[in-house]
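Proteins get letters first, then strands, A, B, ... in listed order; numbering begins at 1 in each.
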Number of protein chains: 2
Amino acid sequence: MAILGFLRDFPLHGYDLKNRVASLAGHVRPIADGTLYPTIKKLEDAQCLTRRTAPGSVAAPRHMLEITQTGTDQLRRWLRDPEPGFVTDDNKWYVLLAFLHHLENPREQALVLARRREFLDQPAQLFFDEQGAPIPPERLESPFRKGLMQIHRSTNLTEIDWLDRQVADLNRRAGFTVHQRDGS
Amino acid sequence: MAILGFLRDFPLHGYDLKNRVASLAGHVRPIADGTLYPTIKKLEDAQCLTRRTAPGSVAAPRHMLEITQTGTDQLRRWLRDPEPGFVTDDNKWYVLLAFLHHLENPREQALVLARRREFLDQPAQLFFDEQGAPIPPERLESPFRKGLMQIHRSTNLTEIDWLDRQVADLNRRAGFTVHQRDGS
DNA sequence: GTTTTCTACCTCGGAGTCGATATATCTTGT
DNA sequence: ACAAGATATATCGACTCCGAGGTAGAAAAC
């Protein structure tokens, strides 16, 4: 998703992609060559991107990669109907968010944000006693577990706040669009 | 790490572990049987835990798992000197945090928190233009990317604040410990 | 009395990722 | 002229994890 998402902005070569994906995914965890290049080849085989060999501006020749219509469609499908992990895994969610603007339709964007919002809404019960009964934060003995739940709660509220404002904004814009369409 | 960490609290059987690990790791993403049971076997082979077959209180017979001294040592090694991913990956970091109290020595605990603090300190540069120059948040066109960086910044500050207070507290306690030891 | 459901454990194949290794190109230093 | 180092692409083996499937016991539903 990150590869096609970045290529949707402008054509890039593998080495450049590597750095950009590394900065984004789980912030600045370098992505391995053994992961990147086979994935590029896979996307090429699936006709999601084309490559043109260009002389290296600095060093060895580059393979300039360009997204195709098939690739754009694929990217939009991934964004519109993300796998569960992209909603529940913070790292994956942030990758999705970084490219959600490629999904153009505000209503569809709002629906994806709503899925995240729904996930964040379920109360976190992280720790249980021997009988399997949930332990409330104030009864936790470990200060680290207490902090973990505090941070979790606080960051969730921050994101929920942003999500709500964003969804409202998107629905407003979608409403305008409908109104304009109705009026024409 | 999560398996040994939970067993350090009290003995559990595999099925129970499954639910507890699922609640913790990346909050409520179920862990697959195909991951759990081979890992338990691996830990058993490494003498990190022992198993006793007990009659199932509800249904099929259970394998009650207990951590050994070797297992406790292994857990403490993982906590004391975590792999890079446990500091840079949010999900893994939260798992580590959930068991950091098993590391008993406040000074060692503080050192681990300091590693996380150091990681959070480096400024996040997530997006770059065609020339490779970083794009500041206010010049981002996508509201999602803008929000992504806002949320990232805000949640980082929340965690940094907690980390600083916690490290100070731990160092204070470590100081007391040294003083008591000196005085005795 | 039979099926379904929940508990509980285990294995196999496939997919994805990494780390190590190899190769080629161009620039820079000596 | 040559070596060193950054750029750039690619492959291979090892490892991890998941999902699908299988076994089995006990309780609940029909």
K.L.:
Looking at B/F127, does the NZ or CZ of B/R145 lie under 6.0 angstrom from its six-membered ring centre and within 45 degrees of the ring axis?
P.N.:
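Satisfied, under 6.0 Å and within 45°.
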K.L.:
Would B/R8 and B/F99 count as a cation-pi pair here, with the cationic atom under 6.0 angstrom from the ring centre and within 45° of the axis?
P.N.:
no
K.L.:
When the distance from CG of B/L17 to P of C/dT7 is rounded to whole Å, what number comes out?
P.N.:
16 Å
K.L.:
Given C/dC10, is OP1 or OP2 found less than 4.0 Å from the side-chain N or O atoms of B/H63?
P.N.:
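Yes, B/H63 has a side-chain N/O under 4.0 Å of OP1/OP2 on C/dC10.
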K.L.:
Mind calculating the distance between NZ (B/K92) and C1' (C/dT17) to the nearest angstrom?
P.N.:
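Atom-to-atom, B/K92 to C/dT17, this comes out as 11 Å.
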K.L.:
Separation of A/D16 atom CG from D/dT7 atom C1', in whole Å?
P.N.:
12 Å
K.L.:
To the nearest Å, give me how far apart CD1 (B/I3) and P (D/dC17) are.
P.N.:
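After rounding, the gap between these two atoms is 9 Å.
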K.L.:
Flag yes if more than 12 heavy atoms outside A/R165 fall under 6.0 Å of its CZ atom; otherwise flag no.
P.N.:
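Atom CZ in A/R165 is packed in, count exceeds 12.
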K.L.:
How long is the line joining CZ of B/R62 and C1' of D/dT23, in whole Å?
P.N.:
18 Å
K.L.:
Of the residues in residues 32-46 of chain B, which ones touch DNA chain C at a heavy-atom distance under 4.0 Å?
P.N.:
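Under 4.0 Å from DNA chain C: B/D33, B/G34, B/Y37, B/P38, B/K41.
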K.L.:
Check whether more than 12 heavy atoms from other residues, nucleotides or ligands sit under 6.0 Å from atom CZ of A/R52, and answer yes or no.
P.N.:
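No, CZ of A/R52 has 12 or fewer neighbouring heavy atoms, counting only those of other groups under 6.0 Å.
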K.L.:
Answer yes or no: is there an ion pair linking B/R116 with B/D121, defined by an N-O contact shorter than 4.0 Å?
P.N.:
no
K.L.:
Would you say that B/R173 contacts B/L170 through its side chain, given a criterion of any heavy-atom pair below 4.5 Å between the two side chains?
P.N.:
yes
K.L.:
D/dT16 C1' sits how many Å from B/D89 CG, rounded?
P.N.:
15 Å
K.L.:
When the distance from NZ of A/K18 to C1' of C/dT17 is rounded to whole Å, what number comes out?
P.N.:
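Atom-to-atom, A/K18 to C/dT17, this comes out as 14 Å.
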K.L.:
If the cut-off is 4.0 Å, is B/R51 near the phosphate of C/dC10, judged by side-chain N/O to OP1 or OP2?
P.N.:
yes
K.L.:
In this structure, how many angstroms lie between the P atom of D/dT7 and the CG atom of A/L12, rounded?
P.N.:
16 Å
